[in-house]
Engineer: 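Take this structure first; my questions come after.
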Amino acid sequence: AGSDSGSGGPVSTPCATINRGITRARDDGLTTVQVATGTYARFDVISGISVQGGFSSDFQNPDAGTSTVTVSTVGSTYSGILANAVRSATTVSGFRVNGVSADAGAFHQGVIVENGTTALTLDDIVVTGGSGAAATGVLVQGASSVALTGSTVGSGTPVGVGQSAYGLRVIGSSTANVTGGTISAASGVAAVDAAAQKPTTPSVLCNGSNGGNASGPSSPGGGGGVCA
């Protein structure tokens, strides 16, 4: 329970959503957001504000259970946690990210690290991928880097001909430093064999003969051959 109203934020009156807690921390000059056990909507990481899950409802016990984030979309992008241009030391820890079934043709990611992020640590994160094109547990892109420690990351299930799955996908001049934990990926979906799709030759070929030449300026030629 909590409220995203103007008074939300302190231990006595916590915010209802993680995104609101993060923006309140930024506005109040704080550097850490503590999250109680429960299920929450996706959130965006802000540079320099760490987010710690798993607290008891009174925030006295930091190991009370699981804080779960459910993947959803912003525009057409699926993610549970998005870190964009995080360039001051920031840690996200103690969360489970649950995937969903993405819309047809949409890419599915549990966590996205992008746009020059260079100072992010993901610690004790569990990602259970959903299903979609190029199903990915953690995607690192756009010249970014991330430290992944003690985490369990699964890709989810790829959907669509020729699609692959990635537990950890690092692209676009990015890097990832993995310590402990496990990373796994499901099998991809086979592409269509073009040779196998070649149309078959009919058992009877209908090659008609050429029509005869016209005998006058307005006389038609003879008909072509007939295939019975």
Side-chain angles (χ1 to χ4, degrees), residues 1-75 77-98 109-127 137-151 153 168 174-179 181:
S3 172
D4 283 347
S5 68
S7 62
V11 170
S12 57
T13 55
C15 297
T17 63
I18 300 174
N19 271 331
R20 178 57 178 163
I22 292 172
T23 56
R24 277 298 307 272
R26 178 198 61 194
D27 294 345
D28 292 346
L30 304 175
T31 59
T32 302
V33 173
Q34 298 174 341
V35 180
T37 58
T39 300
Y40 299 87
R42 62 167 305 285
F43 67 91
D44 299 323
V45 181
I46 292 179
S47 186
I49 300 177
S50 294
V51 188
Q52 303 172 347
F55 279 81
S56 57
S57 58
D58 61 2
F59 299 96
Q60 298 304 303
N61 180 3
D63 299 307
T66 302
S67 298
T68 300
V69 175
T70 302
V71 169
S72 61
T73 58
V74 172
T77 301
Y78 281 82
S79 68
I81 300 173
L82 173 64
N84 179 46
V86 175
R87 300 187 181 114
S88 297
T90 306
T91 298
V92 177
S93 61
F95 285 94
R96 181 184 183 93
V97 180
N98 283 348
Q109 300 83 207
V111 179
I112 299 176
V113 180
E114 64 180 7
N115 194 20
T117 289
T118 56
L120 178 68
T121 297
L122 300 174
D123 177 58
D124 189 23
I125 301 292
V126 177
V127 180
V138 177
L139 172 63
V140 189
Q141 63 183 359
S144 297
S145 61
V146 65
L148 189 64
T149 61
S151 296
V153 180
L168 172 63
S174 299
T175 61
N177 183 12
V178 179
T179 305

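Nothing fancy with the numbering, it's 1 onward along the sequence. Note that the structure is predicted; figures quoted are calculated from it, not measured.
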Engineer: What I'd like to find out is whether the side chain of Thr175 reaches to under 4.5 Å of the side chain of Val140, using heavy atoms alone.
Structural biologist: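 Not in contact.
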Engineer: Under the side chain to side chain contact (heavy atoms under 4.5 Å, CB included) test against Val97, which residue among Val71, Val126, Thr70 passes?
Structural biologist: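 Going through the options one by one, the only one that passes is Val71.
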Engineer: Would you confirm whether Gln109, through its side chain, and Tyr78, through its main-chain N or O, come within 3.5 Å as a donor-acceptor pair?
Structural biologist: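 Checking the backbone N and O of Tyr78 against the side chain of Gln109, a donor-acceptor pair under 3.5 Å is found.
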Engineer: Could you tell me if the side chain of Phe95 sits less than 4.5 Å from the side chain of Val35, heavy atoms only?
Structural biologist: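 Val35 reaches Phe95 side chain to side chain.
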Engineer: Between Thr90 and Val45, does the side chain to side chain contact (heavy atoms under 4.5 Å, CB included) criterion hold? Intermediate values first, please.
Structural biologist: CA-CA 8 Å; Thr90 306; Val45 181; 3.7 Å; yes
Engineer: Checking the side chain of Ser174 only, and the main-chain atoms of Ala143 only, is there a donor and an acceptor separated by less than 3.5 Å?
Structural biologist: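 It does hold such a pair.
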Engineer: Can you list everything that forms a side-chain hydrogen bond (donor to acceptor under 3.5 Å, both in side chains) with Gln141? Sequence neighbours excluded, please.
Structural biologist: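 By the side-chain hydrogen bond (donor to acceptor under 3.5 Å, both in side chains) rule, Gln141 matches Glu114.
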Engineer: Side chain to side chain contact (heavy atoms under 4.5 Å, CB included) with Ser50: which of Val92, Val33, Thr31, Thr91?
Structural biologist: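 Option passing the side chain to side chain contact (heavy atoms under 4.5 Å, CB included) with Ser50: Thr91.
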Engineer: Could you tell me if the side chain of Thr37 sits less than 4.5 Å from the side chain of Phe55, heavy atoms only?
Structural biologist: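 No, too far: nothing below the 4.5 Å cut-off.
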Engineer: Mind running side chain to side chain contact (heavy atoms under 4.5 Å, CB included) on Leu122 and Thr149 for me, showing each step along the way?
Structural biologist: CA-CA 6 Å; Leu122 300 174; Thr149 61; over 6 Å; no
Engineer: Does a donor on one side chain sit under 3.5 Å from an acceptor on the other, for Asp4 and Thr17?
Structural biologist: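 There is such a pair between these side chains.
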Engineer: Considering only heavy atoms from C-beta outward, does the side chain of Leu82 approach that of Val74 to under 4.5 Å?
Structural biologist: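 Result no, sub-4.5 Å side-chain heavy-atom pair not found.
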Engineer: Mind running side chain to side chain contact (heavy atoms under 4.5 Å, CB included) on Val51 and Ile18 for me, showing each step along the way?
Structural biologist: CA-CA 9 Å; Val51 188; Ile18 300 174; 4.1 Å; yes
Engineer: Can you find a heavy atom in the side chain of Leu120 that is under 4.5 Å from one in the side chain of Val113?
Structural biologist: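 Answer yes - side chains close enough.
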Engineer: Would Val69 and Asn98 count as a side chain to side chain contact (heavy atoms under 4.5 Å, CB included) here? Give the steps.
Structural biologist: CA-CA 6 Å; Val69 175; Asn98 283 348; over 6 Å; no
Engineer: Any side-chain heavy atom of Pro14 sitting closer than 4.5 Å to one from Phe59?
Structural biologist: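 SC-SC contact between Pro14 and Phe59 confirmed.
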Engineer: We want to know whether Asp123 and Thr121 form a side-chain donor-acceptor pair, criterion being a heavy-atom distance below 3.5 angstrom.
Structural biologist: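 Per modelled atom types, Asp123 and Thr121 side chains form no pair under 3.5 Å.
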Engineer: Sequence neighbours left out, what passes salt bridge (charged side-chain N to carboxylate O under 4.0 Å, His left out) with Arg96? Give chain and number order.
Structural biologist: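 Arg96: no salt bridge (charged side-chain N to carboxylate O under 4.0 Å, His left out) contacts found.
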Engineer: Counting N and O atoms only, with roles assigned by atom type, does the side chain of Ser93 sit under 3.5 Å from a partner on the main chain of Asp124, one being a donor and the other an acceptor?
Structural biologist: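 No; zero donor-acceptor contacts below 3.5 Å.
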Engineer: With distance as the sole test, does Ser56 use its side chain to make a donor-acceptor pair with the main-chain N or O of Gln60 at under 3.5 Å?
Structural biologist: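 Present.
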